[in-house]
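Comments concern the structure below.
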Amino acid sequence: MKLTHKDYSGSCPKAELLICFGVEGKKPSLPGDVALTKAALDDFKGEARQVRFSDATAGSVSRVALVGLGDAKSVDAEGLRRAAGVAASQAESSGAKSAVIYVDESIAKLADGAEAVGCAIAEGLVMGHYRYDLGKSKPEPLKLAKAQTLAAGSAFRQGVKRGTALAEANCFTRDLQNRAGNQLTPTALAAEARGLARRSDRITCKVLDEAAMKKLGMGLLLGVSAGSHEPAKLIHLVYKPKSKSKGKIALVGKGLTFDAGGISLKPSRGMEDMRFDMSGSAAVLGAFHALASIDVGFEVHGIVPSSENLPDGLATKPGDVHVGMNGTTVEVVNTDAEGRLILADALTYTVTKVKPDTIIDLATLTGAVVMALGHEISGMYATTDALRDALSAAGKAVSERVWPLPLLPEFLENMKGGPADLRNITTPEMGGGSIAGAAFLSHFVGETEWAHLDIAGTAWNQKARDYVGGKGGTGVGTRLLIQYLCHRD
Ligand code: BES
Ligand code: MN
Ligand code: ZN
């Protein structure tokens with residue numbers, strides 16, 4: 001669906017379907033020249049996500065869908081995204097090929113005002129109309145090809161532009177996530193990253209191959225990849241701001257394009273979901289998709305270690321010892337705790353080559369975080385209160401919530417004392433599997449301000465949200481990162 005915007009000047013452009021929003025206890029207002037039957041207007045109560053279709057009795061459109069937002073006082077960005085998401089999917093099922101979405105001034109004043117309302121509605125429309133069809137030989141095209149928001153004022157227009165960029169980035173992230181493991185290999189992921197650099201003169205991309213990683217001493221990353229015939233890649237994207245940079249921020253994403261567990265093989269039930277083990281990397285690439293059209297004041301680095309984790313004659317065996325880029329030796333007790341290994345070398349690379357002010361990593365790191373927090377909220381570990389609070393606020397604003405969990409030195413201590421400097425897992429009586437993963441990573445960030453988001457529960461199959469969720473990737477992380485980058489000073 002192509003979403004455009006038109007400034008409202010009293011009348012409605014031609015379209016097969018007109019969508020209008022309304023709140024409880026108030027007649028929805030329609031563009032000047034459109035009229036509806038009294039029955040339709042009486043039926044429509046404005047309850048959240050209520051949809052009432054009817055024929056127009058006058059004006060340039062024949063069909064109208066009234067969409068409810070609920071109580072005007074409690075409408076927020078999330079309510080708008082959800083209502084717009086419902087509108088997009090109902091418009092699609094109605095068979096309409098074009099739609100106009102009218103937002104009158106009283107609706108544009110809700111939540112945080114016109115720009116925020118325009119942004120949320122565009123996000124809901126575009127994200128709500130997403131469908132994954134890259135796996136089909138003959139995908140059935142979506143019917144709704146064109147949508148146009150219709151509202152007054154430049155703030156609303158700006159909001160639509162921003163919301164569209166965020167939503168398209170989210171859909172890009174979801175497309176990466178949903179691709180099959182054999183279709184999205186580390187090589188294919190690197191090609192996607194190069195494609196992002198081609199979209200913008202402010203973005204560049206460099207890809208390190210296995211020879212380059214070997215030179216840098218990335219034994220932990222290469223140890224994970226040893227059992228795979230697909231070569232590992234380390235992707236390094238850089239975004240340079242228009243004006244003088246306010247600092248350097250690094251986004252690091254776990255890019256396991258398939259995690260079978262390695263020699264510590266996972267059970268076969270549900271193993272196909274481990275194609276989503278690159279969701280952290282997809283979130284980072286998605287953020288660069290958005291950075292092609294949303295300006296931020298920082299130099300942003302995206303670092304993605306990408307590999308497969310497979311059992312094979314050359315695969316790392318439990319008990320093998322590998323040496324990381326920072327010299328740390330690690331006994332790989334469980335080859336299924338591989339995310340922390342590839343991230344360890346990516347974090348060392350980030351700290352030593354990029355030297356950022358702040359690192360944020362995103363990773364589908366542990367099944368344990370799903371036990372602890374479920375599918376609604378990601379686990380967050382942060383070394384400073386400022387970063388923790390900023391990410392919490394960003395998560396709330398975009399409805400990709402994060403919840404603070406502790407960085408505990410005891411867990412890192414527990415990983416010491418084996419034949420190498422560290423084991424890659426804690427002993428079973430420690431429990432706290434997600435905390436253990438974070439503690440391991442903490443060894444590789446030095447003094448740099450850092451946050452780790454364990455997105456194993458939120459990256460796919462999250463509870464449906466009208467505009468995102470359900471089966472498949474959610475694109476979690478991308479909008480959160482942009483929100484964070486835009487609000488940091
Ligand atoms: N990719 C998995 C984590 C995961 C599991 C994500 C289920 C989403 C759903 C990760 O590489 C892994 O296998 N972690 C192990 C760690 C353990 C061996 C210490 C886990 O969580 O079981
Ligand atoms: Mn694993
Ligand atoms: Zn994994």
Side-chain angles (χ1 to χ4, degrees), residues 177 181 184 186 189 220-221 223-228 232 252-283 304-312 315-320 330-346 361-379 405 411-412 414-415 418 422-441 452-462 471-474 476-477:
Q177 291 182 281
L184 190 83
L189 190 66
L220 300 177
L221 198 165
V224 172
S225 181
S228 166
V252 180
K254 171 177 172 181
L256 260 292
T257 59
F258 193 77
D259 176 17
I263 299 294
S264 314
L265 190 63
K266 287 182 182 295
S268 52
R269 201 190 141 106
M271 204 205 269
E272 69 278 11
D273 280 355
M274 282 300 129
R275 71 181 180 282
F276 294 119
D277 210 19
M278 36 55 73
S279 295
S281 68
V304 166
S306 182
S307 104
E308 296 183 320
N309 185 25
L310 299 176
D312 175 85
T316 290
K317 304 170 291 298
D320 283 0
V330 177
E331 182 195 6
V332 181
V333 176
N334 189 320
T335 65
D336 199 10
E338 83 300 335
R340 60 196 71 182
L341 297 172
I342 68 165
L343 285 169
D345 278 338
D361 84 69
L362 300 93
T364 47
L365 203 68
T366 67
V369 83
V370 193
M371 297 295 115
L373 297 178
H375 297 284
E376 295 291 333
I377 195 158
S378 303
L405 292 169
F411 280 67
L412 188 58
N414 181 273
M415 291 185 238
L422 288 177
R423 286 184 293 254
N424 75 330
I425 56 170
T426 45
T427 50
E429 74 279 4
M430 288 299 280
S434 177
I435 298 174
F440 184 87
L441 296 179
H452 158 60
L453 303 180
D454 194 339
I455 59 169
T458 51
W460 73 92
N461 284 349
Q462 195 188 13
K471 229 177 153 48
T474 59
V476 76

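Everything numeric in this text was worked out from a predicted model, so none of it was measured. In listed order, ligands and their atoms are each counted from 1.
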- Message: side-chain contact (heavy atoms from CB on, under 4.5 Å), that's the test. Do L341 and T316 meet it? Break it down for me.
- Response: CA-CA 12 Å; L341 297 172; T316 290; over 6 Å; no

- Message: Checking the side chain of N424 only, and the main-chain atoms of E338 only, is there a donor and an acceptor separated by less than 3.5 Å?
- Response: no

- Closest protein heavy atom (residue, atom, distance) for atom 10 (C) of ligand 1: L365 O, 3.3 Å

- Query: Which residue supplies the protein heavy atom nearest to atom 16 (C) of ligand 1, what is that atom called, and how far is it?
  - Reply: R340 NH2, 4.0 Å

- Where does D273 meet ligand 1, judged by heavy-atom distances below 4.0 Å: at the side chain, the backbone, both, or neither? neither

- atom 18 (C) of ligand 1 has as its nearest protein heavy atom N334 ND2, 3.4 Å

- For the Zn ion (ligand 3), does an N/O/S atom of A363 lie at less than 2.8 Å? no

- Note on the structure: Heavy-atom proximity to atom 19 (C) of ligand 1 ranks first, among D277, I425, V224, T366, for I425

- Message: When you measure from the side chain of H375 to the backbone of T458, do you find a donor-acceptor pair of N or O atoms at a distance under 3.5 Å?
- Response: no

- Report the angle formed at the Zn ion (ligand 3) by atom OD2 of D259 and atom NZ of K254, rounding to the nearest 10°. 170°

- If you count the atoms of ligand 1 from 1 in the order shown, which ones are under 4.0 Å from a heavy atom of M274? 1 (N), 4 (C), 5 (C), 6 (C), 7 (C), 8 (C), 9 (C)

- Item | the Mn ion (ligand 2) - closest N/O/S atom in D259 | OD2

- Message: Tell me the protein heavy atom at minimum distance from atom 2 (C) of ligand 1, and give that distance in Å.
- Response: D259 OD2, 3.6 Å

- Step by step, work out the salt bridge (charged side-chain N to carboxylate O under 4.0 Å, His left out) result for K254 and D277. CA-CA 7 Å; K254 171 177 172 181; D277 210 19; 3.2 Å; yes

- Message: Between Q177 and G472 (side chain of the first, backbone of the second, donor and acceptor by atom type, cut-off under 3.5 Å), is there such a pair?
- Response: no

- Task: Measure from atom 11 (O) of ligand 1 to every heavy atom in M371, K266, M278, E338 and give the option owning the shortest one.
- Result: E338

- Message: Once you restrict to heavy atoms under 4.0 Å, what part of F258 touches ligand 1? Side chain, backbone, both or neither.
- Response: neither

- Message: Under 2.8 Å from the Zn ion (ligand 3), is there any N, O or S atom belonging to D277?
- Response: yes

- CG of L256 to CG of L310, rounded to nearest 0.5 Å, is 9.5 Å

- For atom 17 (C) of ligand 1, which protein heavy atom lies nearest, and how many Å away is it? A337 CB, 4.4 Å

- Atom indices of ligand 1, in the order listed, that fall short of 4.0 Å to a heavy atom of T364: 1 (N), 2 (C), 3 (C), 6 (C)

- Message: Tell me the closest heavy-atom pair linking P186 and S307, and the distance in Å.
- Response: CG-CA, 3.6 Å

- Under 3.5 Å, is there a donor-acceptor pair between the side chain of R423 and the main chain of N414? yes

- Looking only at protein heavy atoms, what sits closest to atom 8 (C) of ligand 1 is W460 CH2, 3.3 Å

- Under 4.0 Å between heavy atoms, the region of D336 that gets near ligand 1 turns out to be both

- Message: Any side-chain to backbone donor/acceptor pair from S281 onto M278? Under 3.5 Å, distance only.
- Response: yes

- Are the side chain of D345 and the backbone of L221 linked by a donor-acceptor contact shorter than 3.5 Å? yes

- Message: I need the minimum non-hydrogen distance between F411 and G431, along with the two atoms involved.
- Response: CE2-O, 3.4 Å

- Taking the N/O/S atoms of E338 one by one, which is nearest to the Zn ion (ligand 3)? OE2

- Note on the structure: Going by the 4.0 angstrom heavy-atom rule, the piece of K254 near ligand 1 is side chain

- Message: Which heavy atom of D312 sits nearest to which heavy atom of G227, and what is that distance?
- Response: CB-O, 3.1 Å

- If you scan protein heavy atoms around atom 20 (C) of ligand 1, the nearest is G367 N, 3.8 Å

- Look at the side chain of T335 and the backbone N and O of I263, then say whether any donor-acceptor pair between them is shorter than 3.5 Å. yes

- Query: Tell me, which protein residue and heavy-atom name are nearest atom 6 (C) of ligand 1, and how many Å apart are they?
  - Reply: A456 CB, 3.6 Å

- Can you give the angle D336 O - the Mn ion (ligand 2) - E338 OE1, rounded to 10°? 70°

